[in-house]
Amino acid sequence: MPNYHDLRTAADYAERDYARVFPQMTDAERVRCITGLMRLKIGLASQIPARRTETNLLVASWNIKEFGHTTQRLPEAYFYIAETLAAFDLIAVQEVKSTLKDLEIVMRLLGEDWKYIVNDITDGTDGNAERSAYIYNTRRVRLSGLAGEIALWDAITHDSPLGLKQLKRSPYMTGFIAGWKKFALVSLHLHPGDDDEDVLLRGEEVRLLLKALKAKRKGLWSDNLILCGDMNLYDSKDQGVMAAMAQAGYRECEGLIGKDTNATLTEAYDRMFFTQNDYFHIEEDETGTEQGGVFNPFGFVYRDADADKYLAEMVAVYGGDKDLAGNAADRQAYYVNYWRKNQISDHFPIWAELVTDDSGAFLAEKLVEHQT
């Protein structure tokens, strides 16, 4: 649970000098943030499974828009981001920018039980000065010692018809341990776009990545892999990528299949693929479907009906020629299509519930083996 010291009353601060991240927040802003957090907590509790000691792990992936670059986020937005992250145990975050300012703010709100690990930014126009991060709850999961970017080499790329030598944004692989489970996540942010050339390039990125992973898995300390992130996949265009993933032995979490992950609810850009065996699998619900989903924070904070509450904040950063104060339609369009995405993100977090305790099944299997 994040800390809420910034949301205390003046009487609390008079009694004790609480460490604050946003001492400039007004009482009205605190009240607005508190009511938003109360709605958000209810939403998260209703959609995200509960933590069960030593038996499950909640793994998530989230492209947080320009995390560290945009200057538009209000203090309350950081609380909403932290509250959402805290519902999970391990989160792969894409689009972390060259500065770690936003990440450091969120970590202060999450508290001392939470840690992060990041890779270096990918420079150049294609890299967009982005990096990936893993944020994790140290009470639930720990680092294995494996961490690094996946760089392609000549034996992998020599047959590329596009002459591709590296992915535009470096895949970031990191190993973790939770309970009995040892596994590695590979955080991805693949080439965007739905033009034929874009789809072809993205497919080649995936082909070369899968080829490299096949070679590298021979020396990994664990064969359990999760490929996740903003893959920029289009259901109508990227069937070849899906087929390649399946052929290489990666399965998409059933709970995520067919669910849009962008804020406009038009595409499933963000994905999560698993290798799977008898002792590395996803929890199932009562219908036998693998537990996973997409969480839409705009159902609880920065809701469609909340635009008028943020008029002053929108006008302060708006650079267009529309009359936000006088025209309700223009105000609503800017709020929904731009402003609130700059507060939270233009992507929603995706998640899956990983089983971390198969001891009962293991013992039963060994008993049968001894008796036969």
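Since this is a predicted model, take the numbers as computed values, not measurements. Reckoned from all heavy atoms, side chains included, excluding hydrogens, waters and symmetry mates.
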Check: N56/E353 side-chain N/O donor and acceptor closer than 3.5 Å: yes

Lys/Arg-Asp/Glu bridge criterion (N-O < 4.0 Å) met for E283, R52: yes

Closest heavy-atom pair and its distance - G326, R331: N-NH1, 4.4 Å

Side-chain donor/acceptor of T356 to backbone N/O of T55, under 3.5 Å: yes

Distance (rounded to the nearest 0.5 Å) between E204 CD and L209 CG: 11.5 Å

Residues, nucleotides or ligands: over 12 heavy atoms within 6.0 Å of Y338 OH: no

Salt-bridge contact D6-R30 (side-chain N to carboxylate O under 4.0 Å): no

Salt-bridge contact D113-R139 (side-chain N to carboxylate O under 4.0 Å): yes

D12 vs H5, side-chain hydrogen bond (donor to acceptor under 3.5 Å, both in side chains): CA-CA, chis, key distance, verdict: CA-CA 9 Å; D12 288 340; H5 291 325; over 6 Å; no

Pairwise side-chain contact, L227 with L213, heavy-atom cut-off 4.5 Å (strictly under): yes

R131 side chain to S98 backbone, donor-acceptor under 3.5 Å: yes

Donor-acceptor pair, side chain of N3 and main chain of R108, under 3.5 angstrom: yes

Residues Y269 and Y234: side-chain donor-acceptor under 3.5 angstrom: yes

Within 6.0 Å of NZ in K165, more than 12 heavy atoms from elsewhere: yes

Residue pair N277 / N224, side-chain donor-acceptor N/O under 3.5 Å: yes

Heavy-atom pair of closest approach, residues N63 and D270: CB-OD2, 4.1 Å

Carboxylate-amine/guanidinium proximity below 4.0 Å for R251 and E254: yes

Nearest non-hydrogen partners of V186 and P171, listed with the distance: CG1-CB, 4.0 Å

Aromatic plane relationship, Y80 with Y302 - under 30° parallel, 30 to 60° tilted, over 60° perpendicular: perpendicular

Parallel, tilted or perpendicular: rings of W339 and Y310 (30°, 60°): tilted

Non-hydrogen atoms of F298 and A263 that approach each other most closely: CE1-CB, 4.1 Å

Residues D304, R340; criterion salt bridge (Lys or Arg N to Asp or Glu O under 4.0 Å); working and verdict: CA-CA 10 Å; D304 288 355; R340 71 177 180 180; 2.8 Å; yes

Under 3.5 Å side-chain donor-acceptor pair for K65 and N342: yes

Separation between CZ of F348 and OG of S61, rounded to the nearest 0.5 Å: 14.5 Å

Donor-acceptor pair, side chain of N262 and main chain of T266, under 3.5 angstrom: yes

Gap between atom NZ of K168 and atom CD of E130 - 0.5 Å precision: 12.0 Å

Over 12 foreign heavy atoms within 6.0 Å of NZ, K101: yes

Whether T35 side chain and V31 backbone form a donor-acceptor pair below 3.5 Å: yes

Residue pair H191 / N232, side-chain donor-acceptor N/O under 3.5 Å: no

D346 bridged to K341 by N-O distance under 4.0 Å: no

Separation between CG of D260 and CG of N296, rounded to the nearest 0.5 Å: 11.0 Å

T275 side chain to L225 backbone, donor-acceptor under 3.5 Å: yes

Side chains of D102 and H69, donor plus acceptor under 3.5 Å: no

Backbone of T26 reached by a side-chain donor or acceptor of E29 within 3.5 Å: yes

Side-chain touch M242/Y250, heavy atoms, less than 4.5 angstrom: no

N/O donor-acceptor pair under 3.5 Å between K211 side chain and I156 backbone: yes

Salt bridge (Lys or Arg N to Asp or Glu O under 4.0 Å) assessment of D195 paired with K237: CA-CA 9 Å; D195 291 341; K237 300 287 186 76; over 6 Å; no

Pairing of E83 and K41 as salt bridge, 4.0 angstrom limit: yes

Enclosure of Q24 CD (heavy-atom neighbours >12, cutoff 6.0 Å): yes

Positive for side chain to side chain contact (heavy atoms under 4.5 Å, CB included) with M231, one of T261, L188, V241: L188

is_close_aromatic(F300, F295), centroid dist under 6.0 Å: yes

Side chains of T157 and L208 in contact at under 4.5 Å (non-hydrogen atoms): yes

Cationic N near anionic O, under 4.0 Å, E313 to R32: yes

Of D230, D235, D238, the residue whose pairing with R271 passes salt bridge (Lys or Arg N to Asp or Glu O under 4.0 Å): D235

cation_pi(R142, F176) dist<6.0 Å, angle<=45: no

Non-hydrogen side-chain atoms of V21 and Y78 separated by less than 4.5 Å: no

Side-chain heavy atoms of R303 within contact of R39, under 4.5 Å: yes

Inter-residue atom distance L162.CG - L200.CG, 0.5 Å rounding: 5.0 Å

More than 12 heavy atoms of other groups within 6.0 Å of K181 NZ: yes

Donor on one side chain, acceptor on other, S187 and Q94, under 3.5 Å: yes

Heavy-atom closest pair, residues L256 and G293: CD2-O, 3.1 Å

Exceeds 12 heavy-atom contacts within 6.0 angstrom, atom CZ of F362: no

E112, CD atom: more than 12 neighbouring heavy atoms under 6.0 Å: no

Separation of S222 OG from L146 CG (nearest 0.5 Å): 9.5 Å

Exercise: identify the closest heavy-atom pair between P49 and L58: O-CD1, 3.3 Å

Any donor-acceptor pair under 3.5 Å from N327 side chain to D323 backbone: no

Charged N-O contact under 4.0 Å between E205 and R202: no

D159, CG: over 12 other non-hydrogen atoms inside 6.0 angstrom: yes

Non-hydrogen side-chain atoms of Y172 and D120 separated by less than 4.5 Å: no

Student check: side-chain heavy atoms of L90 and R140 closer than 4.5 Å: no

Contact check, side chains of W351 and V59, non-hydrogen atoms, under 4.5 Å: no

